[in-house]
Amino acid sequence: MPELPEVETVGRALRPQLLGRSIRTISAHIESLRHPLTLQQDASLCGAPVAAVTRRAKYLTVALANGRGILLHLGMTGHFRIEPADSAHRKHDRLEFFLDNDQVWRFNDIRRFGIAKAVNVDAAGNPLEGLPALGPEPWDPAWGGAALHTWLSRRIAAIKPLIMDPRCVVGVGNIYASEALHRARISPTRPGKSLSRKACDRLVCEVRKTLEEAIEAGGTTISDFRGVDGSEGSFEQELLVYGRADAPCLSCEKGTILRSVQGGRATYSCAKCQR
DNA sequence: AGTTGAGCCTGTGTGC
DNA sequence: TGCACACAGGCTCAAC
Ligand SMILES: [Zn+2]
């Protein structure tokens, strides 16, 4: 379920639990997630203390003090739990990391779109390999209205799938793309190149604000997202359009929220206040 | 080079 | 109750 705010929330919950701990053993309950799993055979991941937990886009890295680390992606349905090592594992627990404090960190992923891979890390705990080509983080000073306007200038595709393209900016998934476009009063079907510089400024501003507020709220809980401690995010209450098909628009009170499909994904918008 | 659609998996909910 | 289909928060690849 996770977009950037959910991944950030999970990383923040994981960090204090894992820092200073080391892994005793790793066991895999399945051969592969998105890719074949091999990290359970990698002795370099065991014994070294966790030095950092970092996030880049929707990837988390658990970095060890020996320059190795675990690159993780939650896919659509991934989540983590940390619980006593003698507790029973659950259906769809795919990986178990047994820690040196008699706790176990479990990676549960129903649909197996997740990633868990051993990588080399730098001194700051960032992965040295394993990431695809990624655009800037939403808060990167190098990203902004000007950069977005330039990136869109030769693109005729609809703005909604474009703002979700991680080569443009990372972290904007299907929920927050609809939400940020609504807040910026931009129709999701407009060709990318048709956005004015001012519209790009508004969109950048609303992407940042929406993601910040969602992180503040601990993410959005839809169906199966839960924090590492089992808690739920509260941003669902703040959603203006996502999942509200046929309901009255909360922004203009004249329109009705329309559900459409773009690139095979649901889009929600108000035709009255988004142009 | 950019755009579109299919595919990867499993589960849930709906309608017939 | 059984069955078929649509849909779900992400990402990658092939074809046009
Ligand atoms: Zn409206």
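Everything numeric in this text was worked out from a predicted model, so none of it was measured. By convention in this document, chain letters (A, B, ...) are assigned in the order of the sequence lines, proteins followed by strands, and residues within each chain are numbered from 1.
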Encoded 5' to 3' (Watson-Crick or G-U under 3.5 Å; [ ] crossing; | other strand), DNA chain C becomes .|||||||.|||||||

Ordered by number, residues from residues 151-160 of chain A within less than 4.0 Å of DNA chain B (heavy atoms) are R155(A), I156(A), A157(A)

Once base and sugar-phosphate atoms are separated, protein heavy atoms under 4.0 Å mark nucleotides 11-16 of chain C, 5' to 3', with B, S and - as BS----

Whole-Å distance, D109(A) CG to dA8(C) C1', equals 13 Å

message: Side chains of S269(A) and H182(A) only: does a donor on one sit below 3.5 Å from an acceptor on the other?
response: no

Residue set satisfying salt bridge (charged side-chain N to carboxylate O under 4.0 Å, His left out) with D100(A), at least two apart, ordered chain then number -> R21(A)

note: E6(A), atom CD; dA8(C), atom C1'; distance rounded to Å ~ 14 Å

Here the ring-ring contact (aromatic ring centres under 6.0 Å, His included) pairs for residues 15-64 of chain A, sequence neighbours left out, are H29(A)-H89(A), Y59(A)-H73(A)

- Message: Quick test of your reading of the model: are E96(A) and R81(A) salt-bridged, counting only N-O distances below 4.0 Å?
- Response: no

Show me the donor-acceptor pairs, under 3.5 Å and distance only, between side chains in residues 110-119 of chain A and residues at least two apart or in other chains.
from	atom 1	to	atom 2	distance (Å)
R112(A)	NH1	S32(A)	O	3.4

Salt bridge (charged side-chain N to carboxylate O under 4.0 Å, His left out) pairs touching residues 43-71 of chain A, sequence neighbours excluded, are E8(A)-R55(A), D42(A)-R68(A), R55(A)-E137(A), R56(A)-E137(A)

Review point. Does a salt bridge link K209(A) with E206(A), judged by any charged N lying under 4.0 Å from a carboxylate O?
Key: yes

Give me the distance, rounded to whole Å, that separates dG7(B) from dC5(C) when you measure between the P atoms they each carry. 15 Å

Run the side-chain donor-acceptor check on residues 165-172 of chain A: report pairs under 3.5 Å with partners two or more places apart or on a different chain.
from	atom 1	to	atom 2	distance (Å)
D165(A)	OD1	R167(A)	N	2.9
D165(A)	OD1	R167(A)	NE	3.1
D165(A)	OD2	R167(A)	NE	3.4
D165(A)	OD2	R167(A)	NH2	2.7

Contacts of D201(A) meeting salt bridge (charged side-chain N to carboxylate O under 4.0 Å, His left out) (sequence neighbours excluded), chain-then-number -> R197(A)

Any donor and acceptor pair, going by atom type alone, linking the side chain of S87(A) with main-chain N or O of P84(A) inside 3.5 Å? yes

Outer limits of DNA chain B sitting under 4.0 Å from a non-hydrogen atom of chain A, read 5' to 3', are dG2(B) to dG11(B)

Applied to residues 147-163 of chain A, the side-chain hydrogen bond (donor to acceptor under 3.5 Å, both in side chains) test, sequence neighbours excluded, yields K160(A)-N174(A), K160(A)-T267(A)

For a quick check of understanding: with a heavy-atom distance under 4.0 Å over all strands, which category does K193(A) fall into, base, sugar-phosphate or nothing? nothing

task: Tell me what G173(A) touches on the nucleic acid: a base, only sugar-phosphate, or nothing, going by heavy atoms under 4.0 Å.
output: sugar-phosphate

Quick one: do the Y268(A) and S260(A) side chains pair a donor with an acceptor below 3.5 Å? no

Rounded to whole Å, the CG-C1' distance (L134(A) to dG10(C)) equals 13 Å

Original post:
What distance, rounded to whole Å, do you find between the two C1' atoms, one in dC11(C) and one in dT12(B)?
Top reply: 22 Å

Rounded to whole Å, the CZ-C1' distance (R111(A) to dA6(C)) equals 12 Å

Using atom P in both nucleotides, what's the gap between dC7(C) and dG5(B) to the nearest angstrom? 15 Å

side-chain hydrogen bond (donor to acceptor under 3.5 Å, both in side chains) filter on T54(A), not counting sequence neighbours, yields none

With no hydrogens and no angle check, just 3.5 Å: does a side-chain donor-acceptor pair link E83(A) and W105(A)? no

Quiz item: On a whole-Å scale, what distance lies between the P atoms belonging to dA6(B) and dA6(C)?
Solution: 12 Å

